[in-house]
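First comes the structure, then the notes that go with it.
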Protein chains: 2
Amino acid sequence: MGATKTEHFTDKQNAIATLTKALGHPARVAIVEYLMKVDTCICGDIVNELPLAQPTVSQHLKELKNAGLIKGNIEGNAICYCIDEKTIEKLQNYFTNISTKLTNKKNDCC
Amino acid sequence: MGATKTEHFTDKQNAIATLTKALGHPARVAIVEYLMKVDTCICGDIVNELPLAQPTVSQHLKELKNAGLIKGNIEGNAICYCIDEKTIEKLQNYFTNISTKLTNKKNDCC
DNA sequence: AATCTTTATCGTAATATTGCAATCTGAAAA
DNA sequence: TTTTCAGATTGCAATATTACGATAAAGATT
């Protein structure tokens, strides 16, 4: 074994897991934060910003794109990447929801 | 190779990655959602709620606990687990922050 | 056309994760 | 004390992830 049993969980649970898993690596967190930092989203220099080889960065970008966390357009000789706001909002709503429900319940017994 | 190069990233980036990685599995999302659903946090039946064997569930619980997403107390013969509100709030704040900054910038060019 | 530049892909090695059977641990019940 | 029960730990097999050198692809530059 070793493969995740996704079929036993709900679509929503798998969706959240896919998003959080995609962010579950410091390089990918760093990429998202860099994309947030720069003003323009024409960013042909993500590789230079990270302490990783170009193929590794390319792979991380692909994973973020597959998960829907970033969007990418071919821009001549470079690639224009930027954060997909809607996806971040999904995560924001998810955690806000949990937070709110927990505060209302006050079941903090541990 | 194959090991994540955590030393090249900031503590904050690693911290976020640790939290999101811990949630990056549908079983662990399901555990958190179950802990949220039940009123009491004396929960000796998480294993029955999940389509996984007992050792697997125990391992997932351990990972959630290591990441600080849940807290656990020994309660006689059972274990009392519950969500750590503060950690969820950290995630909430993180994504709210990104969301807000993106909305202000309106750099949605892709 | 030949070259340069940037990003993607392939192949592969090292390491991590997932899942479970078997087993251990420790408190409660008999 | 012995049994029982819930949960943790161990050990292992299957699979996934991470990282990078080599190479390919494709538009830009000369």
Short side-chain N/O contact from [X] to OP1 or OP2 of [N], under 4.0 Å:
| X | N | result |
| --- | --- | --- |
| Y81(B) | dA6(D) | no |
| T56(A) | dC20(D) | yes |
| K21(A) | dA16(D) | no |
| H60(A) | dT17(D) | no |

Rounded distance (Å) that lies between atom [atom2] of [N] and atom [atom1] of [X]:
| X | N | atom1 | atom2 | value |
| --- | --- | --- | --- | --- |
| H25(B) | dA16(D) | NE2 | P | 11 Å |
| K62(A) | dA19(D) | NZ | C1' | 15 Å |
| I46(B) | dC5(D) | CD1 | P | 20 Å |
| L64(A) | dT7(C) | CG | C1' | 16 Å |
| E49(A) | dT7(C) | CD | C1' | 17 Å |
| L52(B) | dA8(D) | CG | C1' | 16 Å |
| N66(B) | dA16(C) | CG | P | 15 Å |

* To do: Would you kindly compare E63(B) and L61(A) by the position of their nearest DNA chain C nucleotide and give the one closer to the 5′ end?
  =>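 Nearest-nucleotide comparison on DNA chain C picks L61(A).
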Looking at the side chain of [X], which of [options] is the nearest nucleotide?
| X | options | result |
| --- | --- | --- |
| Q59(A) | dT7(C), dT18(D), dT18(C) | dT18(D) |
| T4(A) | dT18(C), dC20(C), dA16(D) | dT18(C) |
| A3(A) | dT9(D), dC20(C), dT15(D) | dT15(D) |

* To do: Mark yes or no for whether T18(A), through its side chain, and A67(A), through its backbone, hold a donor-acceptor pair below 3.5 Å.
  =>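 No, the answer is negative, given that no donor and acceptor are paired below the 3.5 Å cut-off.
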* Asked: Does T87(B) reach the main-chain N or O of G68(B) with its side chain, forming a donor-acceptor pair under 3.5 Å?
  ->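 Flag set: sc T87(B) to bb G68(B) pair under 3.5 Å.
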* To do: List for me each residue that meets side-chain contact (heavy atoms from CB on, under 4.5 Å) alongside S58(B), sequence neighbours excluded, and say none if there are none.
  =>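 With sequence neighbours excluded, S58(B) shows a side-chain contact (heavy atoms from CB on, under 4.5 Å) to Q54(B), given in chain and number order.
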* Kindly assign one of parallel, tilted or perpendicular to the pair F9(B) and H25(A), based on the angle between their ring planes and the thresholds 30° and 60°. =>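 The arrangement is perpendicular - the two ring planes meet at more than 60°.
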* Asked: Do we see a donor-acceptor contact under 3.5 Å between the side chains of Q13(A) and E33(B)?
  ->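 Note: Q13(A) and E33(B) side chains meet the donor-acceptor criterion.
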* Asked: Can you find a heavy atom in the side chain of Y94(A) that is under 4.5 Å from one in the side chain of T20(A)?
  ->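 A side-chain contact under 4.5 Å is absent here.
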* Partners meeting salt bridge (charged side-chain N to carboxylate O under 4.0 Å, His left out) with E63(A) (sequence neighbours left out) ->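 Testing E63(A) for salt bridge (charged side-chain N to carboxylate O under 4.0 Å, His left out), a comparison that skips the adjacent residues, returns R28(A).
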Sub-3.5 Å pairs of nitrogen or oxygen atoms, protein against nucleotides 21-23 of chain D:
none

